[in-house]
Amino acid sequence: MLEDHGLWGKGNTSWPYNMYDGSMLVPAYFYQPGTIPPGQRPTPCTSFYDFAPTVLDYLGLPPMESSKPLAGHSYAPFLTGGTVENWDDTVYGEYQYCRMVREPDWKLIRRTEGFYSELYHLADDPDERKNLFEDAAYSDERKRLEGKLDAWFAALGCADPDMWKSSKQKTLPSYRRVTAPASPG
């Protein structure tokens with residue numbers, strides 16, 4: 001974060017945890033002379049859960065097999081200047097008690113009870129300074145994104161796990177100063 005939003009470090013170093021773009025966006029670099037053209041800057045939203053499917057696809061290997069649904073999709077064609085048919089420019093994230101859905105123009109961060117949630121119109125507010133979550137004028141957008149967020153996690157079989165609901169997971173231990181014992185004599 002480098003002091004962005006008054007924070008230093010990644011999202012899980014703040015309280016409550018943050019999901020600002022300065023914390024969540026991480027560049028990815030791919031290099032293969034003769035195959036990946038230099039200087040490309042593809043613009044689709046991708047996530048780390050897309051990384052393994054992308055590498056496997058790029059190498060011509062079969063997708064991972066799993067008994068559970070997998071979140072990621074290959075963006076290998078973007079690496080060579082191509083496109084991916086029906087690419088959904090949406091990414092999702094989760095830190096312990098907060099979940100996020102991010103589209104190119106909107107971001108919703110929803111936290112469990114006891115913590116505030118956030119809604120940003122990134123097209124107008126790329127620095128995420130004006131939280132619109134409680135603004136009635138944006139309730140339809142908030143509900144749309146909440147539905148999208150819930151549907152994505154439900155499709156992966158993790159709609160509402162105990163850790164997501166539990167407030168016990170959100171409590172910081174109380175601070176107690178430890179002092180050294182008095183030295184003898």
Side-chain angles (χ1 to χ4, degrees), residues 1-2 4-5 7 9-12 14 16-30 40-55 57-58 63 68-113 115-161 163-165:
M1 293 293 292
L2 303 174
D4 188 20
H5 290 272
L7 301 169
K10 298 294 281 174
N12 58 355
S14 63
Y17 290 167
N18 80 80
M19 293 188 138
Y20 294 123
D21 277 359
S23 175
M24 300 301 292
L25 297 181
V26 178
Y29 296 94
F30 293 86
Q40 289 190 99
R41 294 184 67 123
T43 58
C45 291
T46 63
S47 185
F48 188 69
Y49 50 73
D50 296 316
F51 183 76
T54 299
V55 170
D57 183 27
Y58 184 76
K68 295 181 176 183
L70 297 174
H73 302 284
S74 172
Y75 56 84
F78 293 135
L79 302 179
T80 56
T83 61
V84 176
E85 188 175 326
N86 299 320
W87 185 261
D88 181 8
D89 255 356
T90 305
V91 294
Y92 301 85
E94 180 179 42
Y95 276 150
Q96 194 172 0
Y97 61 88
C98 54
R99 289 180 171 176
M100 173 201 70
V101 55
R102 186 194 192 283
E103 299 173 337
D105 291 342
W106 289 95
K107 181 191 281 186
L108 171 76
I109 302 160
R110 192 173 65 202
R111 294 181 176 88
T112 57
E113 71 285 341
F115 289 91
Y116 65 92
S117 292
E118 300 166 79
L119 174 67
Y120 297 104
H121 186 212
L122 300 173
D124 293 337
D125 180 21
D127 295 328
E128 300 169 273
R129 300 289 181 186
K130 187 175 180 186
N131 183 358
L132 305 171
F133 190 83
E134 298 293 335
D135 190 327
Y138 297 95
S139 65
D140 288 345
E141 194 63 41
R142 187 189 77 218
K143 288 174 189 171
R144 180 186 72 80
L145 290 168
E146 286 177 327
K148 195 171 184 176
L149 183 69
D150 291 341
W152 190 81
F153 277 98
L156 294 174
C158 51
D160 211 8
M163 184 180 228
W164 170 243
K165 295 186 296 187

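Both backbone and side-chain heavy atoms feed into the values below; hydrogens, waters and symmetry mates do not. Being a predicted model, the structure only gives us computed values, none of them experimental.
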Measuring from [X]:[atom1] to [Y]:[atom2], what's the distance to the nearest 0.5 Å?
X    : Y    : atom1 : atom2 : value
L156 : E94  : CG    : CD    : 10.0 Å
F153 : R99  : CZ    : CZ    : 4.5 Å
E146 : L119 : CD    : CG    : 8.5 Å
L145 : I109 : CG    : CD1   : 11.0 Å
T90  : M100 : OG1   : CE    : 10.0 Å

Check your understanding: So does E128 pair up with R102, basic N to acidic O under 4.0 Å?
Key ->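 Answer for the salt bridge query: no.
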I'd like to know if the side chain of [X] and the backbone of [Y] have a donor-acceptor N/O pair within less than 3.5 Å.
X    : Y    : result
N131 : S117 : yes
D127 : R129 : no
W106 : V101 : no
D50  : S47  : yes
D105 : L122 : no
K107 : M19  : yes

Output a table of donor-acceptor pairs, distance under 3.5 Å, between side-chain atoms of residues 69-86 and any protein atom two or more places apart or on a different chain; print 'none' if there are none.
| from | atom 1 | to | atom 2 | distance (Å) |
| --- | --- | --- | --- | --- |
| S74 | OG | D57 | OD2 | 2.6 |
| S74 | OG | A76 | N | 3.1 |
| T80 | OG1 | P77 | O | 3.3 |

Check your understanding: Residues two or more places apart in sequence or in another chain: which of them pass ring-ring contact (aromatic ring centres under 6.0 Å, His included) with Y92?
Key -> W152
Check your understanding: Which atom names give the shortest non-hydrogen contact between V91 and T46, and what distance separates them?
Key -> CG1-O, 3.3 Å
**Study point:** salt bridge (charged side-chain N to carboxylate O under 4.0 Å, His left out) between D150 and R110, worked out
**Key:** CA-CA 10 Å; D150 291 341; R110 192 173 65 202; 2.3 Å; yes
Check your understanding: Heavy-atom distance under 4.5 Å between the side chains of Y120 and Y20, does that happen here?
Key -> yes
Point to revise | Heavy-atom side-chain contact between P104 and C45 under 4.5 Å | key: yes
Exercise for review: Given side-chain contact (heavy atoms from CB on, under 4.5 Å), test E103 with D89 step by step and report yes or no.
Suggested key: CA-CA 6 Å; E103 299 173 337; D89 255 356; over 6 Å; no
Check your understanding: Can you list the steps and then say if H121 with E141 is a side-chain contact (heavy atoms from CB on, under 4.5 Å)?
Key -> CA-CA 10 Å; H121 186 212; E141 194 63 41; over 6 Å; no
Review point. What pairs with E118 under salt bridge (Lys or Arg N to Asp or Glu O under 4.0 Å), at least two apart in sequence or on another chain?
Key: R111
Review point. Does atom OH of Y116 have more than 12 heavy-atom neighbours from other groups under 6.0 Å away?
Key: yes
